[in-house]
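We use all heavy atoms of the structure for the numbers below, so side chains are in, but hydrogens, waters and symmetry mates are not. Note on naming: letters A, B, ... go to the chains in the order of the sequence lines (proteins, then strands), and numbering restarts at 1 for each one. The shown structure was predicted, so the numbers you read here are calculated from the model rather than taken from an experiment.
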There are 4 protein chains.
Amino acid sequence: MHLRLEPASGSPVYQQIVDQVKRMVAAGTLRTGDRLPTVRELASQLIINPNTVAHAYQSLERDKIIETRRGLGSFICEPDSQLSHDARIKQVSDLIERAVVEAHHLNVSADEVRKLLEGHFRTLYPLEDTIHE
Amino acid sequence: MHLRLEPASGSPVYQQIVDQVKRMVAAGTLRTGDRLPTVRELASQLIINPNTVAHAYQSLERDKIIETRRGLGSFICEPDSQLSHDARIKQVSDLIERAVVEAHHLNVSADEVRKLLEGHFRTLYPLEDTIHE
Amino acid sequence: MHLRLEPASGSPVYQQIVDQVKRMVAAGTLRTGDRLPTVRELASQLIINPNTVAHAYQSLERDKIIETRRGLGSFICEPDSQLSHDARIKQVSDLIERAVVEAHHLNVSADEVRKLLEGHFRTLYPLEDTIHE
Amino acid sequence: MHLRLEPASGSPVYQQIVDQVKRMVAAGTLRTGDRLPTVRELASQLIINPNTVAHAYQSLERDKIIETRRGLGSFICEPDSQLSHDARIKQVSDLIERAVVEAHHLNVSADEVRKLLEGHFRTLYPLEDTIHE
DNA sequence: GTGGTCTAGACCACA
DNA sequence: GTGGTCTAGACCACG
């Protein structure tokens with residue numbers, strides 16, 4: 001597994017790890033049952049404090065993305081969204097709203113936003129036919 | 001002007017103020033020239049420290065959402081982003097990406113995301129003919 | 001890193017810190033990757049409140065002069081202005097205009113101003129052949 | 001006399017008045033002996049508080065730009081720079097340095113700065129032959 | 001009466 | 001140990 005940290009990104013290192021793992025799961029690069037590097041492995045690979053990796057893994061475990069088995073390591077687990085449909089929609093909706101509000105203030109047109117959205121869909125689902133309409 | 005703080009949200013109070021003001025400006029609830037409550041007014045209304053409100057207002061001023069005139073108060077100003085086109089697109093793109101990844105992870109389909117996007121557009125630009133579809 | 005405050009200058013302490021750091025970066029005294037003193041270090045060195053230093057550092061971070069990593073400290077970062085070309089030119093132009101008007105008023109000739117300008121260029125870019133003349 | 005305030009400029013109103021009067025004196029629009037509008041006239045013209053105009057006039061008087069004669073009004077006075085040559089040069093030099101440092105950070109080239117300088121000279125001395133070699 | 005600056009000191013998130 | 005957030009309260013600049 002290969003992760004890349006961007007120290008300049010402003011977001012905390014542990015969060016970057018969480019996000020990238022989520023993205024890899026979303027993209028299919030990581031699948032159910034895959035084993036993550038150990039805390040120490042990843043820490044030495046990224047040259048960061050093991051506590052930081054541990055923090056990231058705990059966060060992923062709370063979100064039911066991975067499960068940790070003592071003495072074996074951490075593994076991607078079954079997708080299991082315990083949140084209600086409404087709660088999940090709301091979470092995404094809030095993120096979309098934020099993007100739309102920011103686009104408005106930055107004078108980015110609705111069509112440009114749509115293009116960005118489709119672009120990111122294509123990145124996530126490169127094989128699917130996502131042609132819209 | 002009415003703001004609501006969610007102490008449980010985890011995001012800093014000053015950020016909540018910033019986000020809500022931005023949303024109101026984008027939605028047209030606040031328009032160019034409108035005066036915000038004074039720092040002290042809003043602070044006593046929300047029962048928070050005036051410095052926290054001041055922090056939020058200064059952040060809004062940096063983003064050219066409001067302009068502040070000593071002795072007079074703070075006012076919504078003309079939209080004018082001095083950022084380059086690329087920088088503006090990137091900022092929106094990052095937010096969209098985050099939403100798309102989260103949507104995938106929460107098992108929210110691309111079409112549902114598109115619907116959410118169009119919904120938020122309609123809220124912001126209710127009169128325009130969005131053509132899309 | 002050594003900074004000197006001038007209490008009599010009239011300009012806010014945090015602004016003096018910002019200006020001096022910017023000057024050191026421009027002059028090459030501070031380079032990309034260099035670490036600034038911690039907020040608390042600089043505060044105790046200058047005998048001012050840590051919040052004041054934090055204010056200065058946050059201002060420098062907004063201007064992309066430094067980047068700050070929680071738990072690690074603040075570092076000079078790659079120059080990268082996201083402002084549009086016009087906005088950048090205007091900002092410099094305003095400062096030049098102010099200097100020119102003040103020069104006229106203080107009866108400092110155009111040629112003297114040109115010499116001052118070239119002098120400051122030489123300080124910043126001592127190795128380059130400025131061609132000019 | 002015609003002044004224009006820019007509420008968005010960030011600089012205090014009284015300072016804008018001071019700067020514009022200085023600029024007009026520098027440009028020759030206002031000459032020794034010319035009478036300024038009364039405090040009340042200018043205040044009602046700019047729709048601002050008379051105290052603000054009075055503050056600006058007091059500042060101009062401190063700098064020996066104008067002199068106020070009870071019952072008669074305020075008049076542009078003889079240029080009389082009491083500051084030493086060095087002090088005057090230093091004042092201009094500081095402003096130029098600030099512009100140069102800012103230009104560096106905004107990635108504005110030395111030649112662009114020179115062009116801006118000559119441009120402002122031309123605005124101030126439109127009739128003189130300021131062609132620089 | 002506006003907002004701006006600064007101090008003092010508490011508590012939290014992050015590494 | 002870093003920096004970030006928030007509170008409390010003083011004093012100043014501005015209108």
Side-chain angles (χ1 to χ4, degrees), chain A residues 5 7 10-18 43 46-56 58-59, chain B residues 5 7 10-17 35-43 46-61 66-75, chain C residues 5 7 10-17 35-43 46-61 66-75, chain D residues 5 7 10-17 39 43 46-56 58-59:
Chain A
L5 298 183
S11 73
V13 172
Y14 92 97
Q15 189 65 55
Q16 293 184 44
I17 297 173
V18 168
L46 299 177
I47 316 179
I48 59 179
N49 192 309
N51 287 337
T52 306
V53 179
H55 186 171
Q58 280 162 19
S59 175
Chain B
L5 298 183
S11 77
V13 171
Y14 85 94
Q15 189 65 56
Q16 294 184 42
I17 298 174
R35 187 171 175 280
L36 295 181
T38 68
V39 168
R40 291 165 174 98
E41 269 170 24
L42 189 52
L46 299 177
I47 316 180
I48 59 179
N49 189 294
N51 284 338
T52 305
V53 179
H55 186 172
Y57 279 18
Q58 279 162 18
S59 175
L60 286 165
E61 191 168 21
I66 69 175
E67 67 189 22
T68 243
R69 305 179 212 158
R70 276 218 192 161
L72 291 178
S74 302
F75 303 81
Chain C
L5 297 183
S11 77
V13 172
Y14 85 94
Q15 188 65 54
Q16 294 184 42
I17 297 174
R35 188 169 175 280
L36 294 181
T38 69
V39 168
R40 291 164 173 101
E41 268 170 25
L42 189 52
L46 299 177
I47 316 180
I48 59 179
N49 189 294
N51 283 338
T52 305
V53 179
H55 186 172
Y57 280 18
Q58 279 162 17
S59 175
L60 286 165
E61 192 169 21
I66 69 176
E67 66 187 25
T68 241
R69 305 178 213 159
R70 276 218 193 161
L72 290 180
S74 302
F75 303 80
Chain D
L5 299 182
S11 73
V13 172
Y14 92 96
Q15 189 65 54
Q16 293 185 44
I17 297 174
V39 168
L46 299 177
I47 316 179
I48 58 180
N49 192 310
N51 287 338
T52 306
V53 179
H55 187 171
Q58 280 162 19
S59 175

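- In this structure, CD of C/Glu61 is placed 17 Å from P of F/dT2, rounded to the nearest angstrom.
- If you check distances only, the side chain of B/Asn51 does reach the base of F/dG9 with a donor-acceptor pair under 3.5 Å.
- Annotation: of the two residues near DNA chain F, C/Ala54 and D/Val13, the 5′-most nearest-nucleotide partner is C/Ala54.
- The phosphate of F/dT7 (OP1 or OP2) has a side-chain N or O of B/Thr52 nearer than 4.0 angstrom.
- The CD atom of C/Gln58 sits 11 Å away from the P atom of F/dG3 (whole-angstrom rounding).
- Taking a pair to require two hydrogen-bonding distances under 3.5 Å in either a Watson-Crick or a G-U wobble arrangement, F/dC14 pairs with E/dG1.
- To the nearest angstrom, P of F/dC6 lies 16 Å from CD1 of B/Ile47.
- Side-chain N/O atoms of B/Tyr14 include one lying less than 4.0 angstrom from OP1 or OP2 on F/dT5.
- Both B/Thr38 and A/Pro12 lie near DNA chain E, and the one whose nearest nucleotide falls closer to the 5' end is B/Thr38.
- Looking only at distances, a side-chain donor or acceptor of C/Gln16 sits under 3.5 Å from a matching main-chain atom of C/Ser11.
- Here the C1' atom of nucleotide E/dG3 and the CD atom of B/Glu41 are 13 Å apart, to the nearest Å.
- With hydrogens and angles ignored, no donor-acceptor pair under 3.5 angstrom links the side chain of B/Arg69 to the base of E/dG3.
- Atoms CZ (C/Arg40) and C1' (F/dG1) sit 8 Å apart, rounded to a whole Å.
- Distance CD1 (C/Ile66) to P (F/dT2): 15 Å, rounded to an integer number of Å.
- Ranked by how close their nearest DNA chain E nucleotide is to the 5' end, B/Arg35 and C/His55 are led by B/Arg35.
- The base of E/dG9 has none of its N or O atoms less than 3.5 Å from a complementary donor or acceptor on the side chain of C/Asn49.
- Note: CD (C/Gln15) to C1' (F/dA13) measures 16 Å, nearest angstrom.
- Two residues are said to be in side-chain contact when any heavy atoms from C-beta on lie closer than 4.5 Å; B/Tyr57 and B/Leu36 meet this criterion.
- Here B/Ile48 lies in heavy-atom contact (under 4.0 Å) with sugar-phosphate atoms only.
- Put simply, C/Thr68 has no side-chain N or O that comes within less than 4.0 Å of OP1 or OP2 on F/dT2.
- At distances below 3.5 Å, not a single donor-acceptor pair connects side-chain atoms of C/Arg69 with backbone N or O atoms of C/Phe75.
- If you take OH of B/Tyr57 and C1' of E/dT2, they are 12 Å apart, rounded to a whole angstrom.
- By the 4.5 Å heavy-atom criterion applied to side chains, B/Ile17 and B/Ile48 are counted as neighbours.
- With hydrogens and angles ignored, the 3.5 Å screen pairs a side-chain donor or acceptor of B/Glu61 with a backbone N or O of B/Thr68.
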